[in-house]
2 protein chains.
Amino acid sequence: MQSDQIKQHNHENCVTTALTQAAQLCTERGVQLTAIRQQVLELIWADHHAVKAYDLLERIKPLQSAAKPATIYRALDFLREQGFIHRVESLNAFIGCCDLKTTHEQLLLICKQCENVEERHADLVMQALSQELQNANFLVHSKAIEIHGICGHCTQEKNTVVSA
Amino acid sequence: MQSDQIKQHNHENCVTTALTQAAQLCTERGVQLTAIRQQVLELIWADHHAVKAYDLLERIKPLQSAAKPATIYRALDFLREQGFIHRVESLNAFIGCCDLKTTHEQLLLICKQCENVEERHADLVMQALSQELQNANFLVHSKAIEIHGICGHCTQEKNTVVSA
DNA sequence: CTTATAGTTGTTACAATATAACATATCACA
DNA sequence: TGTGATATGTTATATTGTAACAACTATAAG
């Protein structure tokens, strides 16, 4: 409902771009973007919400009537390995990665109200974080940085107050 | 095994401090640190690893033979509400909070090898993050910042290299 | 004291999330 | 066209977490 107002972007672009880039990267890497994998990726990109594995399972059944949990989890594993999606740890859910070209470890802003998940590079945060980890002599394998709250669009809806 | 070497601190202090402070805060707040809740908190503080709910269930059974999943999850809910423990989202597990006095949202460094979880304030990171969130006009409710990798102690064990 | 009430725990059942293991099918290239 | 690697089908089960309602306990007001 209110999430429609948030889509001030042409979401078709997101989907098309994501799928095109994924297909291209798979070719480059010599891995297979099979029908199932592509369908799962498309379903994840249906909107900017995080999607749960069993929801994906329900949604893919019209296309893949034999689909079982393993079907979905395997596709998700593949898509994650290839860096096409993120797992949102604090939601047990998955979102499409907006930026297949550059880095992968980003800030996720998760709106409790419209449920949209926004990915941000947040270079300064990442820089400070790298420094901190270096100080700690900690060798990073992966990062999960997930912030829950209310996004700008949703606060504006209620308050009609725009801060700077 | 190797985690023993990491304990270059007297862990008794951690436990005692945590339990004493928790008891005191409960009194101040007029909430009850019941036997079950205290036992769960103690079990969580057994070491600096994140503990899973069903492991806690097994461990508490000698003390509370009637314990069921709900027993544990209720205690965990209470301890979290009071800020005595953190949930580690990316592990579906729980750790004791080292700092009951000040802020709560800290950096968690999770070692894949010794499985210790270190909590860090990382003020500069948090500062940069606050700025980023303000820029995004995002109203924070909670943060999960979890870094997986190899901790300083474990890398030293292998390499005998100490960086600065 | 005693009794009302909020808070806590007991108990059963089940929902939601995820993986293991092995059989079968398909792809991609020699 | 056969062969090894990759992907999928299938069954079963492990793991994590909640719902709902009954029974008990602490506490504090009368």
Side-chain angles (χ1 to χ4, degrees), chain A residues 22-23 25-41 43-44 49-82 84-95 115 144 146, chain B residues 22-23 25-41 43-44 49-82 84-95 115 144 146:
Chain A
L25 286 170
C26 283
T27 306
E28 281 174 31
R29 293 170 187 171
V31 296
Q32 304 174 46
L33 188 61
T34 62
I36 290 177
R37 290 166 178 177
Q38 176 163 342
Q39 285 159 5
V40 170
L41 187 54
L43 288 171
I44 288 176
H49 296 195
V51 195
K52 303 202 149 242
Y54 277 74
D55 288 344
L56 287 171
L57 180 54
E58 289 315 304
R59 292 183 202 168
I60 210 176
K61 272 185 177 161
L63 305 168
Q64 300 285 341
S65 56
K68 301 271 185 318
T71 315
I72 295 297
Y73 282 103
R74 282 169 182 158
L76 290 171
D77 285 347
F78 172 85
L79 296 170
R80 278 212 282 169
E81 277 162 16
Q82 299 302 320
F84 301 159
I85 64 174
H86 297 289
R87 184 186 150 89
V88 185
E89 302 291 349
S90 50
L91 294 177
N92 295 336
F94 303 84
I95 57 167
E115 296 188 318
E146 304 175 2
Chain B
L25 286 169
C26 283
T27 306
E28 282 174 31
R29 293 170 187 172
V31 296
Q32 304 174 46
L33 188 61
T34 62
I36 291 177
R37 288 165 179 178
Q38 178 164 339
Q39 286 160 4
V40 170
L41 186 54
L43 289 170
I44 287 176
H49 296 195
V51 196
K52 303 205 149 237
Y54 277 74
D55 288 344
L56 287 170
L57 179 54
E58 288 316 305
R59 293 183 203 169
I60 209 176
K61 272 185 178 162
L63 305 169
Q64 300 285 340
S65 55
K68 301 270 186 318
T71 314
I72 295 297
Y73 281 104
R74 282 167 181 159
L76 291 171
D77 285 346
F78 172 85
L79 296 171
R80 278 211 282 169
E81 278 162 15
Q82 299 301 320
F84 301 158
I85 63 172
H86 297 287
R87 184 186 150 89
V88 185
E89 302 291 349
S90 49
L91 293 177
N92 295 337
F94 302 85
I95 57 166
E115 296 187 320
E146 304 176 1

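If you're wondering where the values come from, they're calculated on a predicted model, not measured in any experiment. Only heavy atoms go into these numbers, but all of them, side chains included; no hydrogens, no water, no symmetry mates. We name chains A, B, ... by the order of the sequence lines, and we start the count at 1 in each one.
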Worksheet item: Hey, does the side chain of B:Lys52 come within less than 4.0 Å of D:dT16's phosphate (OP1/OP2), counting only N and O?
Response: yes
Discussion item. Just the rounded figure in Å: distance from P of C:dC22 to CZ of A:Arg74.
Written reply: 14 Å
Worksheet entry | Distance in angstrom units between A:Phe94 CZ and C:dA18 C1', rounded | 9 Å
Response to the item:
B:Lys68 has its side chain closest, among C:dT8, C:dT11, D:dG17, to C:dT11
Fill in: Selected nucleotide, minimal atom distance to B:Ile36 side chain, candidates C:dG10, C:dA18, D:dT10
C:dG10
Item to complete: Measure from the side chain of A:Ala70, starting at C-beta and using heavy atoms only, and say which of D:dG9, C:dA20, C:dA18 lies closest.
Response: C:dA20
Discussion item. Looking at B:Glu89, is its backbone amide N or carbonyl O close enough to the side chain of B:Glu146 to form a donor-acceptor pair, meaning the two atoms are under 3.5 Å apart?
Written reply: yes
Discussion item. Between P on C:dT8 and CD on B:Gln38, what's the gap in Å once rounded to a whole number?
Written reply: 15 Å
Response to the item:
Sorted by position of nearest nucleotide on DNA chain C, 5' first, the leading residue of B:Asn92 and B:Gln64 is B:Gln64
Practice prompt. Take the protein atom OH of B:Tyr73 and the nucleotide atom P of C:dT9, then report the distance between them rounded to whole Å.
Written response: 17 Å
Fill in: Donor-acceptor under 3.5 Å (A:Arg80 side chain, A:Arg87 main chain)
no
Practice prompt. Grab the CD1-P distance between A:Ile72 and D:dA7 for me, whole Å please.
Written response: 16 Å
Discussion item. Can you measure A:Tyr54 atom OH to C:dC14 atom P for me and round it to whole angstrom units?
Written reply: 18 Å
Worksheet item: What distance separates A:Lys52 NZ from A:Tyr54 OH, expressed to the nearest 0.5 Å?
Response: 12.0 Å
Practice prompt. Could you check how far CG of A:Leu91 sits from C1' of D:dG17, rounded to whole Å?
Written response: 15 Å
Worksheet item: How long is the span from the OH atom in A:Tyr73 to the CG atom in A:Leu56, to the nearest 0.5 Å?
Response: 9.0 Å
Fill in: Separation of atom CG in B:Leu33 from atom P in C:dT8, rounded to whole Å
11 Å
